[in-house]
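What follows is one structure encoded as structure tokens, with my remarks underneath.
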Amino acid sequence: MKSRARQRRSLRARRHARVLKKVRGTAERPRLVVFRSLRHLEGQLVDDDRGATLLGVSTRAAGIHESAASLEEVTGKVAISFVAGKLLAERAIEAGVNEVIFDRAGYPYHGRVKAFADGARVGGLRF
């Protein structure tokens, strides 16, 4: 019998594989994929045609925690995820990417994942 954590990871991997059958990123419209750990969240823009990561942002990056402290209505990891999404959007627009395909990677679309997506939208990305 699998441990509970291993089973949870396995089920998420199956959900993500199911989504990846239909979701594909291109150079013009890359895939915005998120990874959520217990403490941090990471987002990457991926061009699946070339198999290359265009750019990425993590909540471990310098300056994100200070920016999140300025948000008063949301606190903690959710606020940091929002700021990370906004930072990713700003970097993507500088790189010439305006539209993306959002890939939640098998995670439920709420909490930090939703905050990251909302931050990317506020930053100027279109899904």
Side-chain angles (χ1 to χ4, degrees):
M1 176 121 185
K2 291 183 181 179
S3 71
R4 194 172 180 143
R6 177 183 263 172
Q7 184 176 15
R8 196 169 32 245
R9 277 194 307 270
S10 172
L11 291 173
R12 186 193 73 83
R14 286 175 61 185
R15 282 191 304 271
H16 193 198
R18 195 166 48 233
V19 169
L20 284 178
K21 284 188 226 175
K22 295 186 178 204
V23 175
R24 188 138 181 91
T26 62
E28 298 83 34
R29 192 169 179 193
R31 179 169 53 101
L32 172 57
V33 61
V34 296
F35 172 75
R36 188 188 76 188
S37 71
L38 291 176
R39 289 187 181 189
H40 297 287
L41 187 102
E42 299 174 5
Q44 295 180 336
L45 291 180
V46 177
D47 178 2
D48 290 316
D49 291 340
R50 292 187 307 157
T53 300
L54 304 177
L55 60 99
V57 168
S58 172
T59 56
R60 293 177 289 181
I64 288 185
H65 292 277
E66 291 78 19
S67 300
S70 65
L71 296 175
E72 297 173 4
E73 64 274 358
V74 184
T75 59
K77 294 185 278 189
V78 174
I80 293 168
S81 298
F82 181 85
V83 171
K86 198 170 174 183
L87 178 64
L88 180 101
E90 292 168 1
R91 290 183 183 174
I93 289 173
E94 287 175 10
V97 175
N98 295 321
E99 289 191 21
V100 296
I101 297 172
F102 188 71
D103 178 10
R104 61 185 175 89
Y107 298 110
Y109 186 78
H110 70 91
R112 292 185 284 154
V113 175
K114 184 177 186 300
F116 186 82
D118 291 342
R121 283 190 187 100
V122 167
L125 285 181
R126 287 178 300 192
F127 295 23

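All heavy atoms count here, side chains included; hydrogens, waters and symmetry mates do not.
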* Asked: Counting only N and O atoms by type, is there a donor-acceptor contact under 3.5 Å from the side chain of S58 to the main-chain atoms of A61?
  ->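 No.
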Once you round to the nearest 0.5 Å, how far does [atom1] of [X] lie from [atom2] of [Y]?
| X | Y | atom1 | atom2 | result |
| --- | --- | --- | --- | --- |
| S10 | R15 | OG | CZ | 9.5 Å |
| K114 | S81 | NZ | OG | 12.5 Å |
| H40 | R60 | NE2 | CZ | 6.0 Å |
| L125 | L45 | CG | CG | 7.0 Å |
| E99 | T26 | CD | OG1 | 9.5 Å |
| R31 | L54 | CZ | CG | 10.5 Å |

Within one Ile-Leu-Val-Met-Phe-Trp-Tyr cluster: [X] and [Y], side-chain cutoff 4.5 Å:
| X | Y | result |
| --- | --- | --- |
| L32 | V97 | yes |
| V23 | V100 | no |
| L87 | V113 | yes |
| I80 | Y107 | yes |
| F35 | F116 | yes |

Which atom names give the shortest non-hydrogen contact between [X] and [Y], and what distance separates them?
| X | Y | answer |
| --- | --- | --- |
| R36 | R112 | CG-NH2, 3.2 Å |
| A89 | G124 | CB-N, 4.2 Å |
| Y109 | A117 | OH-CB, 3.6 Å |
| G25 | D47 | O-OD1, 3.7 Å |
| L55 | A92 | CD2-CA, 3.9 Å |
| D103 | L20 | OD2-CD2, 3.6 Å |

* Close side-chain approach of R9 and R12, heavy atoms under 4.5 Å ->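 With C-beta onward as the side chain, the pair stays apart.
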* Measure up the F102 and F127 rings against each other and bin them: parallel (under 30°), tilted (30 to 60°), perpendicular (over 60°). => parallel
* **side-chain contact (heavy atoms from CB on, under 4.5 Å) between I101 and R24, intermediate numbers included** => CA-CA 8 Å; I101 297 172; R24 188 138 181 91; 6.0 Å; no
* Give me the one residue out of V34, L88, V33, V57 that meets side-chain contact (heavy atoms from CB on, under 4.5 Å) with Q44. =>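 Among the candidates, only V33 passes.
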